[in-house]
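Notes follow once the structure below has been shown.
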2 protein chains.
Amino acid sequence: MKRNTWQREAVTTELNAINGFVSAQALFARMRDAGSTISLATVYRALTDLVGEKAADSLLSPEGENLYRACASDGHHHHLICRSCGATAEINAEPVESWAQQVAAAHGFTQAQHVVDVFGLCADCSLT
Amino acid sequence: MKRNTWQREAVTTELNAINGFVSAQALFARMRDAGSTISLATVYRALTDLVGEKAADSLLSPEGENLYRACASDGHHHHLICRSCGATAEINAEPVESWAQQVAAAHGFTQAQHVVDVFGLCADCSLT
DNA sequence: AGACTTATTGCGAACGGTTGTCAATAAGCC
DNA sequence: GGCTTATTGACAACCGTTCGCAATAAGTCT
């Protein structure tokens, strides 16, 4: 039986309050700073659950950290991520979907998954 | 001044002998099994150097491990990687290149980079 | 060849992110 | 209010990777 705890809700809320991807550690730090007494392990567990329920996205940053984000539109989609401020835009990757399938099939690969993310500097951060 | 040691050569050789991406740990294990007395740290250092000299590719697997591969064709390219045996094929991602640029530009992003890799099961491994 | 300089090695300890252990706590059901 | 058991928190354990440092050896100079 799944139980509702204030900890899980706190994680969900905090994640929703953030526009963009955050690391588990960063999320934990924010909550602690805001006065929460939640533990780091619980943040990890909550995030893992959220991803499992498809209520959050996760991706692996180039530094090897797991980043999480509240998942607005559900289903399969990709991201455009600002390297500087972390802001994200969900992008229509339809062309890439079919391309990935084709390319995999052409080489005899099955069960193709793909990692497609575009990192850059958003309009605001580009002004610097 | 850069010096040539048998350790570096051994790493280069071993990497060239492998068709596909390997983790530093796996490479180290293979060398040890083959009788080498090289140390793990040295393998890491050698691999890092190789990547720096663009003599090897590296990418981050979904599990958060760094994978390395001798770099045949130089320049920008992407990979189709077998989740089971690690075999790879370099793929022509031309359509994706331009798509990434467009999508970034459309959102006002500059200095766009992209992470595009397709993981799947190769023909052989699909037979299981 | 022999001496010398200093890049490189190997070892083990340290690190950062993440997961596991386990007793204590508390959510949901009676 | 009790009872059951999912969940929490604190901390140890892990895993891949990097760092510190003394010992080793590559390239240079003579």
Side-chain angles (χ1 to χ4, degrees), chain A residues 1-15 18 20-53 55-69 81 86 115 117, chain B residues 1-15 18 20-53 55-69 81 83 86 115 117 119:
Chain A
M1 173 205 318
K2 180 173 155 271
R3 292 177 184 176
N4 296 329
T5 63
W6 65 264
Q7 286 94 333
R8 270 216 241 283
E9 242 169 82
V11 170
T12 312
T13 305
E14 189 73 30
L15 194 58
I18 295 175
F21 281 89
V22 236
S23 67
Q25 309 264 357
L27 198 71
F28 170 65
R30 286 178 61 115
M31 299 180 73
R32 265 289 163 87
D33 289 352
S36 175
T37 61
I38 197 171
S39 84
L40 178 57
T42 302
V43 173
Y44 274 104
R45 287 188 278 240
L47 286 172
T48 308
D49 286 358
L50 286 176
V51 173
E53 304 161 5
D57 275 344
S58 73
L59 67 82
L60 198 57
S61 81
E63 290 77 38
E65 245 183 329
N66 266 111
L67 303 181
Y68 299 89
R69 186 202 154 160
I81 304 146
V115 177
D117 289 295
Chain B
M1 172 206 319
K2 181 173 154 274
R3 292 177 183 175
N4 295 329
T5 64
W6 65 264
Q7 286 94 332
R8 269 217 242 283
E9 243 169 82
V11 169
T12 311
T13 306
E14 190 72 31
L15 193 58
I18 295 175
F21 281 88
V22 236
S23 67
Q25 310 263 358
L27 198 72
F28 171 66
R30 286 178 62 114
M31 298 178 74
R32 265 289 161 86
D33 290 353
S36 176
T37 62
I38 197 170
S39 84
L40 179 56
T42 301
V43 172
Y44 274 104
R45 287 189 277 240
L47 286 173
T48 307
D49 286 358
L50 285 176
V51 173
E53 304 161 4
D57 275 343
S58 74
L59 66 83
L60 199 55
S61 80
E63 289 78 38
E65 246 184 327
N66 266 112
L67 303 182
Y68 300 88
R69 186 201 155 160
I81 305 145
R83 253 197 310 277
V115 177
D117 288 294
F119 290 84

How long is the line joining CG of B:L60 and P of D:dG16, in whole Å? 13 Å
From the list D:dC19, D:dT8, D:dG16, which nucleotide is the closest neighbour of the side chain of B:Q25? D:dG16
Between B:K2 and A:S23, name the one whose nearest nucleotide on DNA chain C is closer to the 5' end. B:K2
For the residue pair A:R30 and A:E14, what are the closest heavy atoms and their distance? NE-OE2, 3.0 Å
Expressed as a whole number of angstroms, how long is the span from A:E65:CD to D:dC15:C1'? 16 Å
D:dT24 C1' sits how many Å from B:I38 CD1, rounded? 15 Å
Heavy-atom closest pair, residues B:A46 and B:R8: CB-CG, 4.4 Å
Return the nearest nucleotide to the side chain of B:M1; candidates are D:dG27, D:dA10, C:dG28. D:dG27
For DNA chain D, whose closest nucleotide is more 5', that of B:G64 or that of B:W6? B:G64
Side chain to side chain, A:L60 and A:N66, heavy atoms closer than 4.5 Å: yes
Just how far, in rounded Å, is P of C:dT25 from CZ of A:R8? 20 Å
Rounded to whole Å, the CG-P distance (A:N4 to D:dT7) equals 9 Å
Any side-chain heavy-atom pair from A:V43 and A:L47 closer than 4.5 angstrom? yes
For B:L47 and D:dG16, what is the distance between atoms CG and C1' respectively, to the nearest whole Å? 13 Å
Taking only the side-chain nitrogens and oxygens of A:T5, find out if one of them lies under 4.0 Å from OP1 or OP2 of C:dA26. no
Between the side-chain atoms of B:R3 and the base atoms of C:dT6, is any donor-acceptor pair under 3.5 Å? yes
Looking at B:Y44, does any N or O in its side chain come under 4.0 Å of the phosphate oxygens OP1/OP2 on D:dT17? yes
Using OP1 and OP2 only, check whether a side-chain N or O of B:N66 sits under 4.0 Å from D:dT17. yes
Would a 4.5 Å heavy-atom cut-off, applied to side chains only, mark B:Y68 and B:L50 as touching? no
Send over the distance from A:R32 CZ to D:dG9 P, rounded to a whole Å. 9 Å
With a 4.0 Å cutoff (strictly under), does any side-chain N or O of A:Q7 reach OP1 or OP2 of D:dG9? yes
Have a look at B:T37 and say if it touches a base, only the backbone sugar-phosphate, or nothing, with a 4.0 Å heavy-atom cut-off. sugar-phosphate
Between P on C:dT9 and CD on B:E9, what's the gap in Å once rounded to a whole number? 12 Å
Phosphate-side-chain proximity, B:R45 and C:dT8, N/O vs OP1/OP2 below 4.0 Å: no
